[in-house]
Trainee: 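One structure coming up, written as structure tokens, with questions to follow.
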Amino acid sequence: MAPMPTALTWPDRLIAAIDQGLRAVAAAPPMATRPSPAAALAEPVLSSDERRTSAALMRVNHAGEIAAQALYSGQALFARSPATHDLLSNAAREERDHLAWCAARIDELGGRTSLLTPLWYAGSFGIGVLAGLRADAESLGFVRETERQVETHLRDHLQRLPALDEKSAAILSRMAEDEMHHGTTAALAGGAELPAPIRGCMKVGGEILRRIALIV
Ligand SMILES: [Fe+2]
Ligand SMILES: [Fe+2]
């Protein structure tokens, strides 16, 4: 059964947003509430090039999850209805699982997370606040479009992962399913289709993150 919407006060929301931000950019990755889809799979034997490629792709996905959490946290701050606030908070919680799974996989691959993590969080939080200041239908429309673009991106990364890296692939496949679910939930909750120019700007923003996080 879905949890009852909660009516949080402004100080509650602000404290929750600050807490989430500090946790997201802190050195220790969050605890996942669900086991990683990669947990039961054996570590594949990868060449050093394949390992580097996987680690770089997973770094991009980790940065994307940081951005998703920040977006939803910023949006939740200004959500008009308690139901919208709860939807955004629940989506952010699942994104934290994604973040933990990506962080653990990066560790296994001997890679590192993006050096620009605080920047991804701060920039995305600001964009989330702007989206959250709009009516709930538009804010939920932003979630719907974000999730659609992230799902497309994840399917692209699944093609680009080294074929033997089934562990990373299992994580990205589950994430893609979750993102599809988040997008559908937002659409069913009244998320409007955003105008094409906004969708285009979001694509450009996502592409900037993808290209930079691939390197740093
Ligand atoms: Fe996610
Ligand atoms: Fe999502």
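Note that the structure is a prediction, hence the values are computed from the model and not measured. Atoms within a ligand are numbered from 1 in the order they appear, just like the ligands themselves.
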Trainee: Does the shortest distance from the Fe ion (ligand 2) to an N/O/S atom of H181 fall below 2.8 Å?
Mentor: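 False for H181.
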Trainee: Should the heavy atoms of other residues, nucleotides or ligands under 6.0 Å from CD of E166 be counted, would the total exceed 12?
Mentor: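 No, not enclosed.
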Trainee: Quiz question: by atom type and distance under 3.5 Å, do the side chains of H62 and E65 form a donor-acceptor pair?
Mentor: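 There is no such pair between these side chains.
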Trainee: Hey, which N, O or S atom on E179 ends up closest to the Fe ion (ligand 1)?
Mentor: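 Result: OE2.
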Trainee: Does a side-chain N-to-carboxylate-O contact under 4.0 Å join K203 and E207?
Mentor: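 No, this pair does not count.
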Trainee: Is E94 close enough to the Fe ion (ligand 1) to have an N, O or S atom under 2.8 Å?
Mentor: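 So E94 does not bind the Fe ion (ligand 1) by this criterion.
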Trainee: By atom name, which N, O or S atom belonging to H182 lies closest to the Fe ion (ligand 2)?
Mentor: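 In H182, the N, O or S atom with the shortest distance to the Fe ion (ligand 2) is ND1.
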Trainee: Kindly confirm whether the Fe ion (ligand 2) is within less than 2.8 Å of some N/O/S atom in E95?
Mentor: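 Coordinating: yes.
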Trainee: Can you name the N/O/S atom of H98 that is nearest the Fe ion (ligand 1)?
Mentor: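 The Fe ion (ligand 1) is closest to the H98 atom ND1, counting only N, O or S.
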Trainee: Testing the basics here: between G64 and L209, what is the closest heavy-atom pair and its distance to 0.1 Å?
Mentor: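 Residues G64 and L209, closest heavy atoms: N-CD2, 4.0 Å.
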Trainee: Are any of the side-chain nitrogens in E151 or R148 under 4.0 Å away from the carboxylate oxygens of its partner?
Mentor: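 The answer is no: the pair does not qualify as a salt bridge.
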